[in-house]
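Everything below concerns the one structure shown next.
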Amino acid sequence: MLTVYGNYHSRASRTLWLLEETKLPFKLTRVVQANRFKDPLAPDAPLNTRSPEFRRLSPMGAIPVLEDEGLILSESLAINLHLARKVGGPLAPANERELALMEQWALFSATWIEADSLALSFVYRRKEQDTEEGRSEIARLTAKLVRPLAALEAHLEDHSHMVGGRFTVADINTAEILRYGTDHADFLSPYPRLAQWLKLCHGRAGFRAMWSKFQAEPV
Ligand SMILES: N[C@@H](CCC(=O)N[C@@H](CS)C(=O)NCC(=O)O)C(=O)O
């Protein structure tokens with residue numbers, strides 16, 4: 001049985017979405033971000049990213065972690081590529097060429113987009129979007145994101161999906177990185193194809209199943 005350590009309000013959502021798509025049976029062991037607790041090491045603190053028993057699985061103390069028949073894997077995007085290959089079928093790379101492209105887009109999204117997309121969502125989580133500081137941070141981040149988002153927009157002008165002309169793990173990985181930025185309503189306004197593709201991704205039954213659990217989860 002696969003075990004995912006994490007919770008829906010974390011990068012584990014990427015893996016939990018993929019698992020909904022694959023219908024693979026799995027167990028979710030709830031591990032919460034340590035910064036949600038005053039004293040994460042208190043004896044009565046729930047399992048969290050600083051708990052010694054979790055740190056044995058993740059020296060970085062970061063979720064998600066996947067346990068798969070003795071394989072302990074961290075890094076959500078790598079976990080997803082592993083699980084897609086394990087289950088096979090349309091979500092998975094059909095050949096080495098597709099695998100190379102899926103790895104390319106995962107690294108592209110993680111290195112060119114993720115930090116700024118997340119920072120954008122933090123402006124909203126801090127409720128600073130209508131302050132002068134918040135507005136200038138939003139302007140700075142959206143300007144920085146023009147280059148990678150324009151590249152994705154251009155890619156989607158002649159591709160229906162990230163790789164292979166069908167919905168795959170590559171779509172899940174990039175879509176979940178972009179989702180943070182959508183807290184800013186105008187995030188994708190300059191990129192209509194990207195917005196349309198993300199809408200299609202979010203229309204999938206697998207995303208909706210993950211999302212209803214996300215919304216039901218106490219934060
Ligand atoms: N690159 C990693 C990032 C993992 C990560 O930073 N996870 C956050 C939650 S989204 C975490 O565990 N934070 C808790 C902590 O750092 O104590 C991945 O994609 O899996």
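Read the numbers this way: they start at 1 and go in the same order the structure lists the ligands and their atoms. All values reported here derive from a predicted model rather than from experimental measurement.
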Handout entry: Short side-chain donor-acceptor distance under 3.5 Å, R140 and S136
Key = no

Completion exercise
To the nearest 0.5 Å, atom CG of L18 lies from atom CD of E20 at 10.0 Å

Distance-only donor-acceptor pairs under 3.5 Å for side chains of residues 190-202, two or more places apart:
| unit_1 | atom_1 | unit_2 | atom_2 | d |
| --- | --- | --- | --- | --- |
| W197 | NE1 | D171 | OD1 | 2.8 |

Practice task
Name all residues meeting the ring pair (Phe, Tyr, Trp, His ring centres under 6.0 Å) criterion together with H161; count only those two or more places apart in sequence or in a different chain, and write none if there are none.
Solution key: none

Exercise for the section: Select all protein residues for which some heavy-atom-to-ligand 1 distance is less than 4.0 Å, and list them by chain and number. Expected result: S10, R11, R14, Q33, T49, G61, A62, I63, P64, E75, S76

Handout entry: Distance-only donor-acceptor check, side chains S109 and T174, under 3.5 Å
Key = yes

Problem - Sequence-distant partners of E69, salt bridge (Lys or Arg N to Asp or Glu O under 4.0 Å), two or more places apart - result: K86

